[in-house]
Amino acid sequence: MIYEFICDELYVPMKAKEMAVVLQVPKNQRTELQEILDALIEECRIEVSKKGKYAKAQGNVRIGVFTSNAKGFGFVTAEGEDEDYFIAGENRNGAVHMDQVQIRPLPVQSGRRKEAQVVRVLSHGLEELVGTYEDSSTFGFVVPDNQKFGKDIFVAKEHSLGAVSGHKVVVKLTNYGEKGKKPEGRIVEILGHRNDPGVDILSIIKDFDLPTGFEEKLLRQAVNVAKDVSEADMQGRKDLRDWQMVTIDGEDAKDLDDAVSCVMEGEHYRLGVHIADVSNYVQEHSALDVEALHRGTSVYLVDRVIPMLPHKLSNGICSLNEGEDRLALSCMMLIDKNGKVIDHEIAETVIRVDRRMSYTEVKKILDDQDEALCQKYETLVPMFLRMKELAALLRNKRQKRGSIDFDFPETKIILDEQGKPLEILPYERNTATNLIEDFMLIANETVAEDFFWQEVPFVYRSHQTPDPERVKKLAAFISNFGLTIHGPRDDIHPKELQKLLGNIAGTPQEAMISRLTLRSMKRANYTVDCLGHFGLATQYYCHFTSPIRRYPDLQIHRIIKDCLRGRMNEKRQMHYEAILPEVAKHASDMERRADEAERETDKLKKVEYMQERIGETFTGVISGITSWGMYVELPDTIEGMVHVTALTDDYYHYDEAAYELVAETGGRKFKLGQTIQVVCVSVNKLMRTIDFVPAEFADDRSDMADTDSE
């Protein structure tokens with residue numbers, strides 16, 4: 001009766017109390033009425049006004065998460081839709097960053113993105129924030145590190161935990177500032193003073209709600225399961241201990257979870273990719289498994305690693321250490337001279353790594369023919385040469401089918417013991433890093449295709465076709481350089497983007513167009529459906545090769561072992577079908593959180609690095625242009641902003657179609673990819689921004705020594 005009335009006969013807006021009277025709902029049953037109302041709001045069947053009156057939903061109503069911008073506007077990612085809705089400041093209706101909201105789309109204006117207005121805040125996504133405490137005589141307030149929240153938080157004296165000005169704190173929100181009031185909160189943790197070593201990174205860890213350690217019971221469980229490999233452990237496994245194999249990692253790597261082997265069988269290569277059998281030690285539903293699922297991934301910050309599993313496992317029994325027996329899951333592939341996998345076997349194995357090699361050593365052997373290293377590893381050199389040949393075949397095959405290779409330099413930041421940045425270097429790939437990448441990719445593809453055709457529940461790594469509108473914008477921009485993209489915009493083949501990147505290789509526009517191409521693509525994520533991987537131009541792909549640091553890999557290992565052992569019965573299939581959708585979604589969310597936290601720590605240290613170099617001149621490349629200025633990237637990957645107000649020789653306007661800043665009278669232009677000399681004039685640690693001015697205008701600035709640190 002209640003449900004039917006609300007769904008079918010609610011034409012006149014009324015409050016819940018009025019509705020209860022009309023329906024003659026007894027007071028002791030009114031909680032049920034409210035639950036129905038809340039459920040129908042979630043389903044977008046009804047909506048509620050600012051005055052608390054309910055009515056049938058009018059027009060298109062969506063549910064999504066509000067992402068705020070420090071400038072007042074925001075975006076909502078609506079459930080089931082790829083493109084975000086733009087929310088103007090006047091249409092926020094009290095929503096703050098990460099709120100779940102109900103929105104109503106607004107009429108679309110030609111040539112503009114979709115817009116909407118917030119109808120109602122359904123729930124708050126942020127419960128705690130990290131910020132800097134500022135004391136007053138009778139109260140205090142917290143300035144959030146997260147600028148997207150946009151408001152200072154009032155803290156009564158009795159809720160300050162004794163914090164003093166400059167303390168970094170965690171504040172729990174008790175009021176979100178409805179009806180124009182300041183948000184209120186109470187301090188639940190003091191992290192330390194903002195100038196104390198390590199507090200800056202700890203603040204980011206807390207802000208992203210990253211874990212900071214393992215509970216004692218988890219550490220005990222890790223110790224209990226991390227026993228040496230016994231004869232019983234090896235029973236039923238393929239014994240590969242007499243195979244020649246190595247690990248190849250960075251010099252400072254500690255969790256060595258993949259080993260490789262390569263021999264010739266006639267004219268074919270037998271490539272072995274051997275992955276630590278983490279699932280043998282992390283049993284499903286154990287405390288270790290629950291924690292690993294919760295974390296989703298290891299997080300690699302500038303000064304520390306937050307592991308998915310305790311070090312006793314990740315650096316111990318699950319690390320493929322040189323000369324020690326280890327349990328593994330191996331993918332052994334027979335590959336022909338065209339780089340095609342013509343046969344393969346996936347098996348539970350026991351292995352013993354011959355040597356722990358570094359990327360630098362292997363690169364020196366293969367590229368530099370370093371005499372001393374070649375002599376030191378003379379028994380391994382023939383295998384390395386075979387690996388180099390095979391890697392080239394695999395890479396060539398991927399390129400022929402259209403795989404896109406974005407060769408952006410990663411950043412390596414060198415810190416001193418106090419966490420102060422000493423050097424910032426571009427971390428370039430080389431023959432050895434490419435070799436391992438090629439081998440991991442082919443193993444991931446082979447495993448994904450195998451289990452797709454077995455038709456069992458699985459977790460795939462998916463990367464879908466780019467949004468047609470973004471491809472259209474990219475095509476319009478590159479036409480300024482005489483470049484084109486062929487084929488339909490709504491079903492572009494990755495080979496077209498690969499050709500584009502090949503055409504710009506070595507040109508001044510390479511870095512800039514590569515970035516724009518990358519931004520036109522969607523983000524890869526985990527799915528239970530095999531949707532294909534656009535960037536790799538393959539129909540089958542998964543993450544199999546790193547169960548120490550990624551939960552989907554660990555989950556895949558369990559599925560593989562169930563199949564190998566004949567345990568994938570109907571009950572197990574139903575079990576995986578029930579849990580895998582949430583595993584895939586959660587892992588995707590945790591991966592995104594980790595990526596954002598890693599970027600924030602890198603940005604922070606880059607700002608600190610440039611803080612010591614205010615007034616210095618640098619040569620960079622214009623990497624982005626907006627209506628408010630242009631971004632300039634230096635060779636060490638540091639990026640800063642030249643505000644349009646710093647261009648003092650003329651008035652400049654933004655040509656959106658050409659991505660240019662154009663002078664109104666003189667006709668001068670600043671273009672993407674253009675080399676420019678700039679002077680660092682200020683930094684802001686809180687905003688994590690760096691301000692440049694063109695060197696030719698530096699003398700016009702009177703504030704070149706200013707630093708807005710906090």
Side-chain angles (χ1 to χ4, degrees), residues 68 70 96-99 123-177 182-219 290-291 294-308 310 418-419 589-590 593-594 596-601 603-605 607-608 685-688 709-710:
S68 182
V96 297
H97 186 56
M98 297 307 294
D99 281 355
S123 62
H124 295 296
L126 289 176
E127 295 181 357
E128 295 182 347
L129 287 165
V130 175
T132 305
Y133 182 76
E134 298 295 339
D135 194 21
S136 180
S137 56
T138 56
F139 63 91
F141 60 92
V142 174
V143 181
D145 286 358
N146 190 337
Q147 296 295 293
K148 292 180 178 180
F149 189 75
K151 301 175 182 178
D152 295 345
I153 301 157
F154 174 86
V155 178
K157 270 290 191 203
E158 61 268 26
H159 296 147
S160 68
L161 276 189
V164 300
S165 292
H167 266 153
K168 284 288 187 180
V169 299
V170 180
V171 59
K172 185 175 182 63
L173 291 160
T174 57
N175 185 291
Y176 288 80
K182 280 268 189 186
E184 298 178 17
R186 56 184 177 86
I187 294 174
V188 294
E189 186 176 359
I190 298 174
L191 304 178
H193 195 274
R194 63 188 176 197
N195 295 329
D196 293 342
V199 170
D200 52 359
I201 302 296
L202 180 58
S203 297
I204 292 174
I205 290 170
K206 289 288 186 178
D207 196 31
F208 281 92
D209 195 25
L210 296 170
T212 54
F214 290 96
E215 293 181 7
E216 188 61 35
K217 68 175 182 179
L218 288 166
L219 297 175
V290 171
E291 181 65 16
H294 174 68
R295 295 185 177 213
T297 180
S298 294
V299 186
Y300 295 83
L301 303 180
V302 67
D303 69 337
R304 72 194 77 186
V305 176
I306 301 175
M308 186 179 79
Q418 300 297 309
D589 292 343
M590 294 303 97
R593 180 182 71 166
E596 290 175 356
E598 289 165 20
R599 278 196 297 270
E600 287 303 307
T601 56
K603 283 164 62 178
L604 176 65
K605 292 304 173 183
V607 168
E608 287 183 13
K685 286 180 67 177
L686 184 61
M687 300 287 288
R688 296 172 195 136
S709 297
E710 288 289 324

Test of understanding: with salt bridge (charged side-chain N to carboxylate O under 4.0 Å, His left out), list the residues that count as partners of [X], not counting sequence neighbours.
| X | answer |
| --- | --- |
| Asp152 | none |
| Glu598 | none |
| Lys151 | none |
| Glu128 | none |

Please identify each residue that fulfils side-chain contact (heavy atoms from CB on, under 4.5 Å) with [X], with sequence neighbours left out.
| X | answer |
| --- | --- |
| Ile190 | Leu161, Ala163, His167, Val169, Ile187 |
| Glu216 | Leu219, Arg220 |
| Arg186 | His159, Lys172, Thr174, Val188 |

Between Ser68 and Phe149 (side chain of the first, backbone of the second, donor and acceptor by atom type, cut-off under 3.5 Å), is there such a pair?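 Such a contact is absent between Ser68 side chain and Phe149 backbone.
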Name the one of Leu686, Ile153, Val171 that satisfies side-chain contact (heavy atoms from CB on, under 4.5 Å) with Pro144?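 Among Leu686, Ile153, Val171, the one meeting side-chain contact (heavy atoms from CB on, under 4.5 Å) with Pro144 is Ile153.
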Testing Leu301, Thr601, Val130 one by one against Ile205 for a side-chain contact (heavy atoms from CB on, under 4.5 Å), which residue passes?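 The passing option is Leu301.
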Evaluate the criterion side chain to side chain contact (heavy atoms under 4.5 Å, CB included) for residue pair Val299 and Arg593; output intermediate values, then yes/no. CA-CA 9 Å; Val299 186; Arg593 180 182 71 166; 5.8 Å; no
Pairing residues for Tyr176 by the ring pair (Phe, Tyr, Trp, His ring centres under 6.0 Å) criterion, not counting sequence neighbours: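 Applying ring pair (Phe, Tyr, Trp, His ring centres under 6.0 Å) to Tyr176 gives His124.
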Kindly write out the residues that satisfy ring pair (Phe, Tyr, Trp, His ring centres under 6.0 Å) with Phe139, not counting sequence neighbours, or none if the list is empty.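 So Phe139 forms a ring pair (Phe, Tyr, Trp, His ring centres under 6.0 Å) with Phe154.
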In Å, rounded to the nearest 0.5 Å, how long is the span from [atom1] of [X] to [atom2] of [Y]?
| X | Y | atom1 | atom2 | answer |
| --- | --- | --- | --- | --- |
| Lys182 | Asn175 | NZ | CG | 12.5 Å |
| Leu210 | Leu202 | CG | CG | 10.5 Å |
| Asp303 | Gln418 | CG | CD | 12.0 Å |

Minimum heavy-atom separation for Arg295 to Pro307, with atom names?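 Looking at all heavy atoms of both residues, the closest pair is NH1-O, 2.8 Å.
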So Val155 and Phe141, do their side chains get closer than 4.5 Å, heavy atoms only?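 Result no, sub-4.5 Å side-chain heavy-atom pair not found.
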Using side chain to side chain donor-acceptor pair (under 3.5 Å) as the criterion, point out the one residue from Lys168, Arg688, Lys685, Arg194 that pairs with Asp145.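 The residue from Lys168, Arg688, Lys685, Arg194 that satisfies side chain to side chain donor-acceptor pair (under 3.5 Å) with Asp145 turns out to be Lys168.
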Pairs involving residues 183-218, ordered by first then second residue, that meet ring pair (Phe, Tyr, Trp, His ring centres under 6.0 Å) (sequence neighbours left out):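 Matches after skipping sequence neighbours: none remain.
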Can you sort out the partners of Lys157 under side chain to side chain donor-acceptor pair (under 3.5 Å), two or more places apart, ordered by chain and number?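 So Lys157 forms a side chain to side chain donor-acceptor pair (under 3.5 Å) with Asp135.
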side-chain hydrogen bond (donor to acceptor under 3.5 Å, both in side chains) contacts touching residues 198-208 (sequence neighbours left out):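 Sorted pair list: Glu189-Lys206, Asp200-Lys605.
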Take a 6.0 Å sphere around CD of Glu596 and say whether it holds more than 12 heavy atoms from other residues, nucleotides or ligands.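 For Glu596, atom CD is crowded (more than 12 foreign heavy atoms under 6.0 Å).
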